[in-house]
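Residue numbering restarts at 1 for every chain, and letters A, B, ... go by the order of the sequence lines.
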8 protein chains.
Amino acid sequence: MAGFRDLGFARVDTDRERRQGAPEAILAEGKAPEEIGAIARAMLEDRAGSVLVTRADADAHEDARARLAWVARGVPETRGLVAIVSGGTSDLPVVTETRVRAELLGTSVVVHQDAGVAGLHRLEPAIEDIERADCVVVIAGQDAALASVVGGLVAAPVIGVPTSTGYGAAFGGVSALLSMLSSCAAGLAVVNIDDGFGAGTIAARIARSAVAA
Amino acid sequence: MAGFRDLGFARVDTDRERRQGAPEAILAEGKAPEEIGAIARAMLEDRAGSVLVTRADADAHEDARARLAWVARGVPETRGLVAIVSGGTSDLPVVTETRVRAELLGTSVVVHQDAGVAGLHRLEPAIEDIERADCVVVIAGQDAALASVVGGLVAAPVIGVPTSTGYGAAFGGVSALLSMLSSCAAGLAVVNIDDGFGAGTIAARIARSAVAA
Amino acid sequence: MAGFRDLGFARVDTDRERRQGAPEAILAEGKAPEEIGAIARAMLEDRAGSVLVTRADADAHEDARARLAWVARGVPETRGLVAIVSGGTSDLPVVTETRVRAELLGTSVVVHQDAGVAGLHRLEPAIEDIERADCVVVIAGQDAALASVVGGLVAAPVIGVPTSTGYGAAFGGVSALLSMLSSCAAGLAVVNIDDGFGAGTIAARIARSAVAA
Amino acid sequence: MAGFRDLGFARVDTDRERRQGAPEAILAEGKAPEEIGAIARAMLEDRAGSVLVTRADADAHEDARARLAWVARGVPETRGLVAIVSGGTSDLPVVTETRVRAELLGTSVVVHQDAGVAGLHRLEPAIEDIERADCVVVIAGQDAALASVVGGLVAAPVIGVPTSTGYGAAFGGVSALLSMLSSCAAGLAVVNIDDGFGAGTIAARIARSAVAA
Amino acid sequence: MAGFRDLGFARVDTDRERRQGAPEAILAEGKAPEEIGAIARAMLEDRAGSVLVTRADADAHEDARARLAWVARGVPETRGLVAIVSGGTSDLPVVTETRVRAELLGTSVVVHQDAGVAGLHRLEPAIEDIERADCVVVIAGQDAALASVVGGLVAAPVIGVPTSTGYGAAFGGVSALLSMLSSCAAGLAVVNIDDGFGAGTIAARIARSAVAA
Amino acid sequence: MAGFRDLGFARVDTDRERRQGAPEAILAEGKAPEEIGAIARAMLEDRAGSVLVTRADADAHEDARARLAWVARGVPETRGLVAIVSGGTSDLPVVTETRVRAELLGTSVVVHQDAGVAGLHRLEPAIEDIERADCVVVIAGQDAALASVVGGLVAAPVIGVPTSTGYGAAFGGVSALLSMLSSCAAGLAVVNIDDGFGAGTIAARIARSAVAA
Amino acid sequence: MAGFRDLGFARVDTDRERRQGAPEAILAEGKAPEEIGAIARAMLEDRAGSVLVTRADADAHEDARARLAWVARGVPETRGLVAIVSGGTSDLPVVTETRVRAELLGTSVVVHQDAGVAGLHRLEPAIEDIERADCVVVIAGQDAALASVVGGLVAAPVIGVPTSTGYGAAFGGVSALLSMLSSCAAGLAVVNIDDGFGAGTIAARIARSAVAA
Amino acid sequence: MAGFRDLGFARVDTDRERRQGAPEAILAEGKAPEEIGAIARAMLEDRAGSVLVTRADADAHEDARARLAWVARGVPETRGLVAIVSGGTSDLPVVTETRVRAELLGTSVVVHQDAGVAGLHRLEPAIEDIERADCVVVIAGQDAALASVVGGLVAAPVIGVPTSTGYGAAFGGVSALLSMLSSCAAGLAVVNIDDGFGAGTIAARIARSAVAA
């Protein structure tokens, strides 16, 4: 058995869920609609627990703003808790992508939005949740200072997601990315700009294994 | 109790170990030797389990090449397993920094060096270890392709550490950093260039909680 | 004889096919449709073996997605084999541009798509072809790790084409470009981002001379 | 009267103190020692209130670590209060340059060092001072998150000074600079990397006029 | 009392005006129209003196070109004078954003537009105003040389706003930003590219406290 | 007389033609149509020899592709010769902008297009003209190698104009700009990317004074 | 048999010469002298045809300026011809590294140095050699215009090596790299900055297979 | 006659002075002392009017600070006037390189140093000279605002030389370079960072032809 399906234009990694505990996702950008459909069908035929399409066009009906479409057939039993904290209202699409991915992988998720450090007291309602979570995801653009503040508060692993919100010297997420990477808060690791999918994946892995024992 | 010691030139965060399970470390660059000494003494007087000095000058006798000095007084009981895989021989100092930090935080560490993808068969002896580890750290410079390859093989969380090895378009670690950040292997998060300290911290957190139950 | 046709707005290098074994191509971007037409006619009147228009507008009917139009009148007798391996489905337009250019220059081409390293086993069906090819072209975006992996496997020259697929820290192909340039796999050289035309040209030159003897 | 002294190699702006309330300073880098001496003498002969040499060589005896030398002959009567808060111990030279410049211009200065956000409680002793200051200067490297946190707490103008401390993705102060520039805390403006001189100048101007009435 | 309103998607910092003397503003980009409306209502219900929406869509009727909408209910009594000088006609939207913000915070504003240094005599009519202002804001794109020229003339604090006007090596405001940051005119601090909102905020703070006595 | 017209939104430098021998031009981007009209009328009323609008919208009828509109009322008597050589057909708009500006300033212009170095023999017909010209303007994108080749052939001053043609690593003209700036051909100076206006201005100045005697 | 030697700190790819026709080389930077010695011994014990150490310290006696040391025990029978053309005298170390590597792999090499395009006639003596070569390597810094000129003349594959010679906007080889990547001469592929080793490897592969038949 | 001398390691362009009116210069960096000597001898033997060595080591006795050595045997009769204006004292080495090169090519040079715009009145003594010069060279680092100010005052062609003076966001001359390139003063063209040699060359060409008649 090859472990993948050869569709000619694509080799669908049908072995990934077995090997890595999480099915491949479909990045819609650069793919034709019929290609996306064919890949999704191949995954479902090979018993993927779920299929998630990211960066989908406007016709994505599960969540248009986050540009997500998904089919959840066999989500694993829920284990572990991921806490998501975001810096501003505009980070919502990335919050959604992170949450959906983590939930499809079988994790509980709690979300606190718009807790940026320009008004630190807004972070207070999130403290209890981020302290009891098995993994914390911080989603923030511009200066991304929230990642360092949260990173200095908790004992759990922290995953930072820089976002492309902001203008000028925010440089489409580069400032947030550099800020997170050079954060003085140890225990923080970073994924790509706007990469809710990647953050949801590693956060779910961490959270699910944390209670596995 | 303020939770820190005020030395005038420094406010030592003596509360950090209680709050985050890991003591503050001392980045030697930009600090005078007597300042480093004073901070270390303050930490030990306030019962830090260990003190780790990174980027120390040549007189660091614990490990001169990795520029590390440390005092390990009360390392926690060992839990969990971190597997470190590096791309090349020149990545050794970062490997050491990661390993020492993780061990000081109470984790077992297994190391496989020089397993770069230009000769993929050299990765084979590492497969068993990276599959049984609670967290895998990939340390690589230049194209950092090893991170994507390892990231596609395992179910555990993967932490990537881009290194500044290489010349020309390696740009002091920038190529490796960008490569890891845009890796198509989900489940991978990245720390700063050459940041073995940060990688060791988050890897130990993940690994220790993985078996916590 | 000047070796070119002066159309006023353009000096068509009608001598290039004789001098370099391959006719000039027409990059459509920045040119008016009637200019493209006039250049093509001049080339055909001066007996170009083929005319290839790249980055053409939507009315390109030979291949709309790759934005290619072409006329193949006198393709040379086929010699040599080029193997193309791509990292993902979204790289298809660049794959097509590379393949068409190489075929127009008189080379056989075999293509393996979507063999990215996040699922290395998907590369296996390509192994035989890349080992027997006279030149291998690796087309990949994001981390472009595939180039290093392939570059470490074969004895033939490898040409890397970084693509602009991906988002965030992929930076429109810059990450892939830097990754390929700093690859630890010797024997790999790189062309411009998305430059299937350039890759097809040099690959065909290498492959055709390999069997010339 | 020309308003400057022409030394041939330099035109010393002896009118600046009258025009702008602050004498010109001497950036030592790129100047020969005898040139620095000649400029200083010209300033003193034209009754400058003080002469400050920045980035001086090791023989600067006023403050070797901050590379400062100065002569204070006629410092104006002290007015206003500037509060300086720094992120880490390594920022000390920039703290000193800011403090000395502001004091030479006739302002009181209070300093709180090593209050980085990775241990937010260390900022608490500074709160009272930053709330009563006429201008707050935040000096921080790496992610410079401290600037946003302080910027969200006070009503006074805040001047940020990114520093070149840190390694890797700190990029010699660029990350700190971008972070400060894209801070979500309004009321914050930024000077050049490590530019304690500029920060001291504008802070003193703001603080002195704040109580001028 | 929490000091903020939790709308689920947003935590409106209703305490900010009390804490910092200036209400939060609403950056429209990335927010849905109904979200903007809800935030504005929450601010008004909690007695914000004014509500300012920046980067609004075309339906902003207060000032479409500057993309501003605002409600001014309780502007503080006017104190202090801010002088705005701009380099070119195209900087108008940023001039407007700076002026409106400063006026909403209770400051008088005088504006001199199109005084770029390529024709220095055009700056003359502004001299009297910039010399009597409590704070000067210089708004300029391209080389932003105007900031250095003005910065060398006045004794008041100068705030620079680089703008994204220009093409080619203007790089969307980066040239202007770097030019302002490395200006040899001390006493100048800089805000983000096109950030009239930030400039208006800090300028109003400086100007209002200058006459406070 | 102030030497400028104050239109409120603009201060038209009506003295420039007297002072510098060339009237101000109007960069249309960022200006409203009525503003452009008002500036043009003010210039003409103050006896500008010509009015040139660059980067105009599609309704520019003098030359739509180069986005130019102009009124030539009092072009000075023609003196001197400027030779323009361009690398490719796509550089046409910049060629036109350079030519029109230089002609409006009273210089003869001769143009050779599409003489890129990939087919060096296409440069031959231009040799005679570039050798007799008083100033040579080289307009090229991508690698801009033509500037170095021409720069090594002639004794006249050479002005390079990098253009934004090309894709991928051409980076919108940055590659061409860097290539020209680091050219080993002495006697070459460079203007902004796509800045035909600037090139036409300095070239006309050089050429007109060359024959002035 | 694993195909590599595990030295603990290194896994020497002893299978590479069989698999890829060329032995691994040793990049000295970042390795201790005893490590370099141990790797070299392991390679020789496993019958490597040659051992090449690049970026060696001053004690490299085979070629100090190019920082090369090597042992040539079993160089393959010479086949094919590589022509190297360099832009300037300062490119000599990269020329040497390219030549030595290609010769160790069993290829004839002919070298033409200092043929930069600022004096195109200096290229003439090289024409015959580059026309008969099986592969041409162009080594140039600064604007690297030589690569485009040569790339437009020959029918053989061309490998470009940007060098770090030059200052200012040469940016350590970045200008040369970008220039080569965006060259309009098709049939040109590029290796890393100063990477003579990589260029020698791919050039030898191309040249040796060209006459294999 | 080939028009060059082949020294093996170098092909000295002995035809350049005839072809371009100015002899080749020798950039010392990257060349061995004996190579520099051999090139100089070859030039003198072939009757170069002068030999100029730039970036020479400390043993350069003509001007150590500017790192220049030269032999002037047959400087052409002086024609035309170049005016050099520099922004600060630290720009002296570049001023010297520009002046020496221009004088060796047979032009009169007048120099005004340290006339930066932070004290605009210091520019006044230079006004008369820059108005009567045939070409003006502006040499400035940091924000390089001086180039725009001078560029707006004169009718002669202006050549800008960005210098690497300054720190932080001056980025080794990049800020000055970008500022000059995006200057709103038309009639200004720019050479490489610190490239006094290039500026002296083009300025002398312009100035000498200006009075040639």
Query - Residue selection (most heavy-atom pairs with chain C, distance under 4.5 Å) from B:A118, B:G116, B:G152 - result: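 Most pairs with chain C among the choices: B:A118.
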Report task. Can you run down the salt bridge (charged side-chain N to carboxylate O under 4.0 Å, His left out) pairs that involve residues 98-111 of chain C, sequence neighbours left out, and say none if there aren't any? Result ->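 The answer is C:R99-C:E103.
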Query raised in the report: OG/C:S175 to CE/B:M180 distance, rounded to the nearest 0.5 angstrom?
Result: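 Taking OG in C:S175 and CE in B:M180, the distance rounds to 12.5 Å.
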Query raised in the report: About how many Å separate NE2 of B:H121 and CG of C:L153, when rounded to the nearest 0.5 Å?
Result: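 Here the interatomic distance stands at 10.0 Å.
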Query - Crowding at CD, B:E128 (>12 non-hydrogen neighbours, <6.0 Å) - result: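 No, CD of B:E128 has 12 or fewer neighbouring heavy atoms, counting only those of other groups under 6.0 Å.
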**Report entry** Interchain contact, C:F171 with chain B, by part (heavy-atom threshold 4.5 Å)
**Finding:**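 Side chain of C:F171 only, per the 4.5 Å heavy-atom cut-off to chain B.
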Query raised in the report: What option among C:L181, C:V149, C:L177 has the most heavy-atom pairs under 4.5 Å with chain B?
Result: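 Result: the option with the highest number of such pairs is C:V149.
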Query - Most contacts with chain B, counted as non-hydrogen pairs under 4.5 angstrom, among C:A176, C:G141, C:S148, C:G119 - result: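 Most heavy-atom pairs under 4.5 Å with chain B: C:S148.
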Requested in this report: Check whether any side-chain heavy atom of B:L120 lies under 4.5 Å from a side-chain heavy atom of C:L120, and answer yes or no.
Outcome: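 A side-chain contact under 4.5 Å exists here.
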Query raised in the report: chain B contacts: which residues in residues 182-193 of chain C have a non-hydrogen atom closer than 4.5 Å to it?
Result: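 Residues C:S182, C:S183, C:C184, C:A185 are the ones that qualify, each having a heavy atom under 4.5 Å from chain B.
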